[in-house]
2 protein chains.
Amino acid sequence: MFSKACEYGIRAMIYIAQRSRQGERVGLKDIAQGIDSPEAFMAKIMQALSRQGLVQSVKGPHGGFYMDTQASKITLAQVVRAIDGDHLFTGCGLGLTECNEKKPCPIHDEFKLIRNKIRSLLETTQVGEFNELLEKGVLHLKRI
Amino acid sequence: MFSKACEYGIRAMIYIAQRSRQGERVGLKDIAQGIDSPEAFMAKIMQALSRQGLVQSVKGPHGGFYMDTQASKITLAQVVRAIDGDHLFTGCGLGLTECNEKKPCPIHDEFKLIRNKIRSLLETTQVGEFNELLEKGVLHLKRI
DNA sequence: AATAAAAAAGACAAAAATATCCTTTATTCA
DNA sequence: TGAATAAAGGATATTTTTGTCTTTTTTATT
Ligand code: FES
Ligand code: FES
């Protein structure tokens with residue numbers, strides 16, 4: 001469904017949203033440990049998200065990544081697009097070079113419904129909406 | 001969603017179902033051309049499908065791949081499982097090592113619905129059910 | 001029996017995804 | 001100002017996926 005980079009990216013964004021209330025910063029090490037991802041790879045993903053403005057960063061002592069309040073309204077769809085592009089939202093399920101209404105592949109109609117459900121899920125879900133449940137330990141971002 | 005190998009595999013199975021009525025054989029070259037896939041790579045995928053009994057094959061002159069009538073009832077889910085395994089049907093959407101009802105990731109509930117829709121689509125779709133529409137040129141297995 | 005055709009199998013190659021390491025830049029604090 | 005800290009960036013390494021090439025095996029035909 002998503003690339004590894006994208007899975008880490010989504011989990012990281014949700015983690016940062018929860019851990020960086022009123023501008024506190026979350027360090028790379030903290031993120032990698034918090035979502036159980038390889039730290040150096042996570043760095044690359046955070047750089048991409050930061051360049052695209054989905055997350056803020058500050059260098060130096062007490063630096064790290066953070067989000068302001070409205071940034072926690074960023075949707076999972078935005079994160080996915082930033083990392084995996086929008087192939088998932090627009091591409092053909094059977095790998096034809098493009099999804100084409102006029103020249104549909106065998107599963108086009110059904111697949112489009114599913115694709116739209118996925119998009120709808122991701123577009124209506126914000127990285128900041130799990131803060132309380134994560135804090136309560138109801139939801140999890142890693143297994144260990 | 002699916003790996004390239006799986007996309008080719010599904011398209012090939014649908015192609016063979018349509019092209020191999022009453023035991024006629026479809027050659028590798030024919031398949032690769034018919035679904036626009038790289039021939040040598042397609043060969044590997046066909047070998048896997050053949051080994052797993054999802055398609056029959058005969059060597060030698062006038063050999064090739066074919067399906068008997070009940071084989072055209074093979075579902076897309078069977079093809080996907082044969083090539084990509086069942087991670088798509090059971091795995092966690094955010095890449096946690098397992099999907100766990102008791103320790104759900106943030107999108108677990110919604111993702112499970114989508115996952116089940118995908119599985120349902122694939123389990124209720126048979127490789128042989130597109131024969132007529134493909135013949136009429138309503139459906140397509142390649143773009144060129 | 002010899003030849004040709006076609007899939008099976010094995011070895012190899014290229015590309016992409018995943019992951020790591022090292023250096024540079026910006027920032028804070030003593 | 002100097003040292004320490006942490007992200008940014010660049011180069012490299014590993015693994016997986018995708019793809020190709022060659023040889024072998026099986027079968028049909030002459
Ligand atoms: S053409 Fe395949 S999903 Fe639209
Ligand atoms: S735990 Fe992530 S989908 Fe179930």
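In the text below, chain A, chain B and the rest are named by the order of the sequence lines, each starting its count at 1.
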- Task: Verify salt bridge (Lys or Arg N to Asp or Glu O under 4.0 Å) between A/Glu98 and A/Lys103, making sure each step is shown before the conclusion.
- Result: CA-CA 10 Å; A/Glu98 49 156 20; A/Lys103 294 190 165 196; over 6 Å; no
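Straight-line distance from the CD atom of B/Glu7 to the P atom of D/dT17: 14 Å, rounded to whole Å. Rounding to whole angstrom units, CD1 of residue A/Ile45 and C1' of C/dT20 are separated by 13 Å. Computed from coordinates, the A/His87 NE2 to C/dA17 P distance equals 11 Å when rounded to whole Å. Rounded to whole Å, the distance from CZ on A/Phe41 to C1' on D/dT16 is 13 Å.
Contacts of B/Arg51 with the nucleic acid, taken as non-hydrogen atoms under 4.0 Å apart, involve only primed sugar atoms and P, OP1 or OP2. Using a 4.0 Å heavy-atom distance criterion, A/Lys29 is classed as making no nucleic acid contact.
Contact annotation: B/Ser57 side-chain N/O to C/dA8 OP1/OP2 distance is under 4.0 Å. The shortest distance between the side-chain N/O atoms of A/Tyr8 and the OP1/OP2 oxygens of C/dT18 is not below 4.0 Å. Phosphate proximity of D/dA6 to A/His62: absent, as no side-chain N or O sits under 4.0 Å from OP1 or OP2. OP1 or OP2 of D/dA8 has at least one side-chain nitrogen or oxygen of A/Ser50 nearer than 4.0 Å.
When distances are taken from the side chain of B/Phe65 to each of C/dA8, C/dT18, C/dC29, the shortest belongs to C/dA8. With distances taken from any side-chain atom of A/Ala5 to the nucleotides D/dA7, C/dA8, C/dT18, the minimum falls on C/dT18. Here the nucleotide nearest the side chain of B/Pro38, chosen from D/dG19, C/dT18, D/dA7, is D/dG19. Among D/dG9, C/dT18, C/dA9, the nucleotide with an atom closest to any side-chain atom of A/Gln47 is D/dG9. When each of D/dT20, C/dA7, C/dT27 is scored by its nearest atom to the side-chain atoms of B/Lys59, the top-ranked nucleotide is C/dA7. Comparing C/dT28, C/dT18, C/dA7 against the side chain of A/Pro61 picks out C/dT28 as the nearest.
Between B/Lys44 and B/Arg25, the one whose closest nucleotide on DNA chain D sits nearer the 5' end is B/Lys44. Along DNA chain C, the nucleotide closest to A/Lys4 and the one closest to B/Val26 are compared, and the more 5′ of them pairs with B/Val26. Residues A/Glu39 and A/Gly60 each lie close to DNA chain C; by heavy-atom proximity, the contact nearer the 5' end of the strand is made by A/Glu39.
Taking each heavy atom of A/Tyr66 and A/Val58 in turn, the nearest pair found is CE2-CG2, 3.6 Å.
Salt bridge A/Asp30/A/Arg19: present, at least one basic N to carboxylate O contact under 4.0 Å. Between B/Glu110 and A/Lys117 there is no salt bridge, since none of the side-chain N atoms of the basic residue sits less than 4.0 Å from a carboxylate O of the acidic one.
A donor-acceptor contact shorter than 3.5 Å links the side chain of B/Asn131 to the backbone of B/Gly128.
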